Structure formats: C-alpha cells, structure tokens
Amino acid sequence: MFFRELERLKKDNLYRVVMDRESRPGSRIRIGGREFINFASNDYLGLAGHPEIIKAALEATDEFGFGSGASRLLSGGSTIHAVLEERTARFKSTEASLIFNSGYAANAGMIPSIAGDGDVIFSDELNHASIIDGCRLSRAKTLIYRHRDIEHLEGLIKGELHHRSGKGRFIIVTDTVFSMDGDIAPLKEIYDLCLTLNSCKGEVTTPIGGPTPIILYLDDAHGTGVLGDGKGALAHFGIKPEPWIIQMGTFSKALGSFGAFVAGSRDVIEWAINTARSFMFSTAIPACMAAASLKAIELIEDKPDLVGRLWRNRDSLVCALREIGYDAGGSESPIIPLKIGGIEDALNLSRHLYERGICAPAIRPPTVKEPRLRITVTAQHSDKDIGSLIDALAKI
C-alpha cells in the first residue's frame, strides 16, 4: 500500500529501521552480537540497570503483580502510585503531582486540559513534537516564538493582551532542555517576563476559575535528574515553583524507569485528573515501574555525586571535542549535537562510528531541520569510553 512512499524515503535517505539491543541498557550495549559504546541514550545517570532499582521493581512485582489491568480512575493504581506522586511533589517542591504513562501522553493530555478555544499558547519554535501535538489538540490559538527569543515572546504576548483585553487564558510552553540541541531555555527571563506582565492588566483565568497569572508550562523531561542537583530546571535557576507554573517531567530518562508526571498546585492536579484524556483513558503504569521511579528519586537525593559525575563527563567530552575541532553547537547539557553537513554526511559519520564500536545514530528530518549526530554522555561513561569516541571522530 505504501510501497512508493517507502521507496521515496529510501531515495531521500530518510528511511529508518529499528535496532534492538540484546543487553541491559547502559554505557555499553550489544546489538547484532557486537558490543558498542552507547552514546545514544537518555539514561543520563546510568540508573536503568541499577541493582537497587531492579530490586525495587521485582519486590513490587511480587506484591502487586505486573499488569495494572485498568486506569487509575478504576482499579489500576496501587498504593505505590500514590506514594510516588507524593514523593515527586516534594522532589519538585509543589503541592501535588500526577503520574502519566509517558512524556508524550503527559503533554498530549495536559496542554489541552489547560488550554482550549479562546485561549492563546505561546510556544518555542524548537519545542518537542509532543508539545506541538498537545497544542494542536487543545484547539487554542498557538503563536510560535523564535527559539529562546524573549523579546519576540514579549511582543507576541503584549500584542494579544492589547487585542483581547485580557480575555481567555495565556499559556507559555517551553522545553527546559531542548532535546536535539542540548541548550537550555532562558527560564529566568521568561519567569521575570511573567512577573512583569502579571503586574499589569494581563491576568487571565485558570481552568478552575478565578484570577491567576499567566500560566507557564515547562517540559522538564531532559532537565529532571540533570539540572539543579537533579531537581530540574527551576532549581537550576533558583526559581520558586509558583502556583501558576506547571512542570512536566519524565521518569524514563535520567531516572532510568518509565512514565512521566505533572507537578503543580493541588487544584491544577485535581483538574488534570478530571480532564486530561491521556490520564483518564489509559491503563495505569504497572506498580513495579512506579516503585522503580520512587527508588530513582531516593538515589538522586541520597547520592548527589551521580549528578556531579554526569557533569564532569559532559565537560570532559565537550573540551575534548573542541580540541579536535568540533563545535558543540551551543549545547549547555549532556546532549551534544554534531552538525557536520547534510543527511548523507550525518549517515556516513554514524556509520564510521558504528564500524568502530560506537552507537550514535544520525538524526534526520523531520525530527530536525539540520541533520546531526546527537551525542549524549552519561554518568556511566568511563574516561576510556569518551576517549574512544574522540579517537574515532579524530580519524575522519
């Protein structure tokens, strides 16, 4: 049925195939019977295979079984789910939190929950696909501001305030760490902009009624466990989690588990329970995954050197890349894009590394406009691993 379309993808070097590993996740993995140094993982702290997390998941499986069998609103949740939500809220310094099945499900459910007809969303042009889809599903008017451009964002908001006389809800939506470029949103400037506008006549209305400031919705998927000693982007910038700030984060990246969460004021979470369709109509994640996420938060708080080791490795790799002539592309995080030309150039570089036992797939349109290798370094990588990547890149 799709033969011609598939042939076009192959002709344009945009055809993708699935490569499944034959080992646990980690800094070294097996694919097709070969061992590779893995620089293509979001397991930033190396927790996905941590023995304490595996033990916690096994114990929860023994007590609660594996499958959940229903949504949280029926009988799919367990006491571990509730404990994880309470613990996550403390971790994020908010009143409450709610578990979702994935970051994609959280954004696709929460954004339409807080924005609809008559509202305006202001979205960074490089936001994740799940944010883009959440904005589309919301049916709110969506205005795209230039990447990390506060002046452009402010102009768009003031223009809408002037034309709409404060009617409807205004929601600023941004990734904290951008997943393909590794740069960080200017949250302090965005926060200050919200404070400034809220001191004027820019107050809008929350879903549950009553006056409230402009809503700031943060996708902290790549910031949770990475920035702010692991607590995320707000902690990184020293920003208080105001009631008008909603944080989305994932358990599936730095926390080495699965699922996602939204953290915020209690009324926002209660509203989400009653309106976020991806929460209401999805089977709950298994209790073992909730237990794994709970243990991951404990490890991050009890072992701060996990995050410290990640950043030492990140700084070491960036310095080494610069020494051999590679530009880190404005990266401010463990995500380091190597932009080296067109699609074929990116594929060739990926193959070159693959032949030398390094896993770093090429990222191509439509995921990004500029093809690249998206290198991700983790706390688990050794100096030898980083050296092997640098040696391979230097021999091109």
Side-chain angles (χ1 to χ4, degrees), residues 71-73 77 81-123 127 130-131 133-135 137-140 142 168-176 185 187 190-191 194-195 197-198 202-221 223-224 231-235 239-251 259-282 284:
S71 72
R72 289 285 299 286
L73 294 179
H81 289 74
V83 172
L84 175 59
E85 287 170 340
E86 181 184 352
R87 193 75 172 81
T88 301
R90 292 207 313 271
F91 187 60
K92 286 292 187 175
S93 300
T94 61
E95 291 181 348
S97 77
L98 184 66
I99 300 170
F100 284 78
N101 287 30
S102 68
Y104 203 108
N107 284 337
M110 273 305 298
I111 295 173
S113 175
I114 62 174
D117 288 332
D119 301 328
V120 185
I121 296 172
F122 304 89
S123 179
N127 276 341
S130 59
I131 292 177
D133 289 351
C135 292
L137 288 168
S138 74
R139 293 179 293 183
T142 301
R169 296 187 286 271
F170 285 12
I171 304 98
I172 300 172
V173 183
T174 183
D175 279 312
T176 59
L187 289 191
I190 294 174
Y191 175 80
C194 290
L195 290 179
L197 292 171
N198 291 332
E203 290 192 343
V204 292
T205 326
T206 58
I208 44 83
T212 192
I214 292 172
I215 296 170
L216 176 57
Y217 183 94
L218 302 177
D219 181 329
D220 204 24
T224 301
K231 292 183 180 294
L234 290 185
I239 296 173
K240 178 185 175 183
E242 306 280 2
W244 43 269
I245 299 177
I246 300 171
Q247 302 175 69
M248 191 285 285
T250 57
F251 300 117
F261 63 86
V262 170
S265 63
R266 194 167 304 282
D267 57 356
V268 165
I269 299 306
E270 289 179 3
W271 179 254
I273 290 170
N274 286 275
T275 61
R277 293 171 65 85
S278 59
F279 169 80
M280 297 170 69
F281 302 113
S282 292

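Just so we're clear, the structure is a prediction, and the values are computed from it rather than from any experiment. Start at 1 with the first residue, then count along the sequence.
The minimum heavy-atom distance between A233 and D220, with the atom names listed, is N-OD2, 3.2 Å. The two residues G103 and A260 make their nearest non-hydrogen contact at N-CB, 3.4 Å. T174 and A185 make their closest contact through OG1-CB, 3.7 Å (heavy atoms, listed as atom of the first residue, atom of the second, distance). When every heavy atom of D175 is checked against every heavy atom of I131, the shortest pair comes out as OD1-CD1, 3.8 Å. Closest of all the heavy-atom pairs between A106 and S278 is N-OG, 4.4 Å. Residues A108 and L137 come closest through the heavy atom pair O-CD1, 3.8 Å.
Residues S71 and M280 fail the side-chain proximity criterion, which asks for heavy atoms closer than 4.5 Å.
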I would like to know whether F279 and I99 meet side-chain contact (heavy atoms from CB on, under 4.5 Å); could you show each step before the answer? CA-CA 8 Å; F279 169 80; I99 300 170; over 6 Å; no
Stepwise side-chain contact (heavy atoms from CB on, under 4.5 Å) check, F281 with L73: CA-CA 9 Å; F281 302 113; L73 294 179; over 6 Å; no
What do the steps show when you test S93 against K231 for side-chain hydrogen bond (donor to acceptor under 3.5 Å, both in side chains), and what is the final call? CA-CA 9 Å; S93 300; K231 292 183 180 294; over 6 Å; no
From CA spacing to verdict: side-chain contact (heavy atoms from CB on, under 4.5 Å), K92, T224: CA-CA 9 Å; K92 286 292 187 175; T224 301; 3.0 Å; yes
Quick one: do F100 and M110 satisfy side-chain contact (heavy atoms from CB on, under 4.5 Å)? Show the steps, please. CA-CA 10 Å; F100 284 78; M110 273 305 298; 3.8 Å; yes
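Going from atom CG of L216 over to atom SG of C194 covers 5.0 Å, rounded to the nearest 0.5 Å. Note that CD1 of I111 is 8.0 Å distant from CE of M248, once rounded to the nearest 0.5 Å. A distance of 4.0 Å separates CD1 in I114 from CD1 in I246, rounded to the nearest 0.5 Å. Taking CZ of R90 as the start and CZ of R87 as the end, the distance is 4.5 Å to the nearest 0.5 Å. Between L234 atom CG and E242 atom CD the span is 9.5 Å, to the nearest 0.5 Å. Atom CD1 of I245 sits about 11.0 Å away from atom OG of S265, to the nearest 0.5 Å.
For the pair R169 (side chain) and V120 (backbone), a donor-acceptor distance under 3.5 Å is absent. Without hydrogens or angle criteria, E95 side chain to R266 main chain gives a donor-acceptor distance under 3.5 Å. A side-chain donor-acceptor contact under 3.5 Å links W271 to the backbone of S113.
Annotation: ring pair (Phe, Tyr, Trp, His ring centres under 6.0 Å) contacts of Y191 (sequence neighbours excluded): W244.
At a cut-off of 3.5 Å, with distance as the only test, a side-chain donor of N107 or D219 sits close to an acceptor on the other residue. If you check the side chains of T142 and S123, you find no donor sitting under 3.5 Å from an acceptor.
A salt bridge links R72 and E85; the closest N-O separation between the charged side-chain nitrogens and carboxylate oxygens is under 4.0 Å.
Here the two rings, on F170 and F122, have centers that are under 6.0 Å apart.
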